[in-house]
Amino acid sequence: MVAKGKEKSVFFCQECGYESAKWLGKCPGCGNWNTFVEETVSKQKNETVRLLPSSEPISLEHISHDDLLRIDTGIEEFNRVLGGGMVPGALMLLAGDPGIGKSTLTMQLAGTIHLDGTILYVSGEESSQQLKMRAQRLSVKNSQLFILTENNLSVIEKQIQKLKPKLLILDSIQTVYMPEISSAPGSVSQLRECTGRILQWAKGLEISIVVVGHVTKDGSVAGPRVLEHMVDTVLFFEGERHNHFRILRALKNRFGSTNEIGVFEMQEHGLQEISNPSEIFLSERPQGSVGSVVVPCMEGSRPVLVELQALVAASPYGQPRRMTNGADFNRTAMLLAVLEKKMRLPLGNQDIFLNVVGGLKIDEPAIDLGIIVALVSSMQNRQIKDDVIILGEVGLTGEVRTISFLEKRLIEAEKMGFQTAIVPKGNLKREQQYPLNVQGVRNVSEALQLILGGA
Ligand code: TYD
Ligand code: MG
């Protein structure tokens with residue numbers, strides 16, 4: 001036990017984990033305002049249990065590694081995202097919005113994983129009855145699966161030493177605490193210390209560990225960025241509230257690439273794998289439609305394909321209506337002005353509606369060209385091919401400007417079954433191989449010529 005009176009008070013930025021002895025208005029670490037919260041931390045390091053063997057330098061040649069040693073999770077889509085299966089001793093963070101299906105996914109994982117050893121499922125959020133009910137609903141039967149409902153990390157540690165599991169699932173990191181630290185579960189110091197301890201379990205005892213984490217409103221993992229730095233793999237589980245599709249993707253992966261995605265559908269009896277996602281996503285779109293384009297957008301550092309729809313129709317009223325849903329209103333007004341002035345399209349007497357399908361909100365300029373093409377397609381009732389994606393920022397003179405992360409977006413589009421990409425000419429490099437048929441355009445007029453045969 002740690003002696004009392006050895007505690008000091010420290011201020012932590014709740015965004016990035018920056019530590020300061022004084023309260024600060026602006027965080028020098030991440031630049032955010034009003035993010036500092038006072039927490040008490042123990043000065044004395046907790047030495048109760050040493051899990052890692054005392055370290056000695058080892059010659060690189062003598063370190064054994066087995067490349068093929070991957071655990072089959074029994075879920076193909078999960079394996080793919082992890083880079084071919086789970087690595088023993090890996091610490092994985094599974095993050096996502098509340099209710100998206102993290103607990104469902106981890107429970108299914110506990111049922112399907114091909115593991116020679118026990119699995120410990122620790123829940124700090126639900127009772128064992130609730131977990132049993134979910135397991136029944138998902139038809140999870142595994143005599144090697146043990147359930148522990150506990151929030152105290154020291155108690156969990158004792159159980160781990162007793163049970164010696166090969167896989168540990170911890171739902172969630174925000175609900176566990178170390179009793180030596182007096183701040184509340186979910187605070188920066190708790191998250192940091194708990195993750196540090198869990199990391200020791202993973203590496204010292206060679207347990208694969210999946211830790212569930214909640215995300216904040218802006219979509220980042222709640223708590224300091226250090227959490228993401230400490231773990232081997234950061235997985236995001238995401239989807240829209242109104243549809244049943246769920247996407248699992250790796251934001252960081254020390255054992256594989258971060259380009260792979262896993263697609264699931266939430267059904268009555270759990271998550272069903274979707275092995276051909278492009279088909280599903282395309283089937284959501286009306287075929288041969290007018291006024292609809294697909295644009296790969298970046299959500300943080302992740303590409304997401306979104307459908308933009310435009311409806312342009314002669315206004316029966318004196319004052320034509322303009323409405324955008326999911327796209328920036330002022331930006332759209334600017335693009336309309338470009339169309340009027342540069343392409344001489346009479347839009348002044350038209351009602352204009354623009355919608356980003358699925359309730360997403362996109363605020364990056366890379367969708368400009370997509371918006372323009374959708375608008376002209378609708379206005380002139382001209383079809384856009386179904387397998388085309390459109391990318392580019394549009395400037396006031398109608399020029400198409402370069403965008404960031406072209407490769408990532410193209411890879412995502414290719415994965416979703418698209419064949420052709422209309423992109424800014426400035427983005428294209430000679431000699432470079434692209435995953436799909438890429439055509440560069442310099443201005444709006446060239447783009448419209450290419451896609452619709454002119455404005
Ligand atoms: P859950 O895994 O509890 O989400 P999280 O842990 O991310 O908060 O799943 C929540 C939703 O999933 C819940 O609204 C019910 C739905 N669900 C199904 O549709 N089918 C199922 O088989 C299960 C277990 C859940
Ligand atoms: Mg849950």
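This chain uses plain numbering: 1 for the first residue, then up along the sequence. Atoms within each ligand, like the ligands themselves, are counted from 1 in listed order.
Between Gly291 and Ser377 the shortest heavy-atom distance is N-OG, 2.7 Å.
Using a 4.0 Å cutoff on heavy atoms, Gly96 does not count as a contact of ligand 1.
Nearest to atom 4 (O) of ligand 1 among the protein's heavy atoms is Gly101 N, 3.1 Å. Nearest protein neighbour of atom 12 (O) of ligand 1, counting heavy atoms only, is Met266 CE, 3.3 Å. Among all non-hydrogen protein atoms, the one lying nearest atom 23 (C) of ligand 1 is Arg137 CZ, 3.6 Å.
In this structure, a donor-acceptor pair under 3.5 Å is absent between the side chains of Asp171 and Ser123. In summary, the side chains of Glu125 and Thr175 do not present any donor paired with an acceptor at a separation below 3.5 Å, with no hydrogens or angles considered. Checking Asn427 against Thr402 by side-chain atom types alone, no donor-acceptor pair falls below 3.5 Å. Side-chain contact, Gln14 with Glu39: a donor N or O sits under 3.5 Å from an acceptor N or O.
Put simply, atom 15 (C) of ligand 1 has no protein non-hydrogen atoms near it, under 4.0 Å away.
Of the residues Ile119, Ile75, Ile169, Leu145, the one that meets the side chain to side chain contact (heavy atoms under 4.5 Å, CB included) test with Ile113 is Ile119.
If you check each of Gly99, Ala95, Pro98, Ser172 against atom 10 (C) of ligand 1, the one with the closest non-hydrogen atom is Gly99. Around atom 9 (O) of ligand 1, the closest heavy atom drawn from Val215, Thr104, Val140 belongs to Thr104. Of the listed options Arg134, Lys102, Glu268, Arg134 places a heavy atom closest to atom 3 (O) of ligand 1.
In the vicinity of Gly270, heavy-atom distances shorter than 4.0 Å reach the ligand 1 atoms 20 (N), 21 (C), 22 (O). Of all atoms in ligand 1, numbered sequentially from 1 with element shown, those under 4.0 Å from a heavy atom of Asp97 are 7 (O).
With hydrogens and angles disregarded, no donor-acceptor distance shorter than 3.5 Å links the side chain of Asp97 to the backbone of Val215. A donor-acceptor pair under 3.5 Å is formed between the side chain of Gln190 and the backbone N or O of Ile181. When atom types are taken as modelled, the side chain of Lys166 and the backbone of Ser208 share no donor-acceptor pair closer than 3.5 angstrom.
Considering backbone and side-chain N/O atoms, Leu105 never comes within less than 3.5 Å of an N/O atom of ligand 1. Some N or O of Gln267 is nearer than 3.5 Å to an N or O of ligand 1, by distance alone.
At a heavy-atom cutoff of 4.0 Å, ligand 1 is contacted by both the backbone and the side chain of Ser103. With a 4.0 Å cut-off on non-hydrogen atoms, Leu138 touches ligand 1 through its side chain and not its backbone.
Taken to the nearest 0.5 Å, the CG atom of Asp328 stands 6.5 Å off from the OG1 atom of Thr332.
Because the distance cut-off is set at 2.8 Å, Ser103 qualifies as a neighbour of the Mg ion (ligand 2) through one of its N, O or S atoms.
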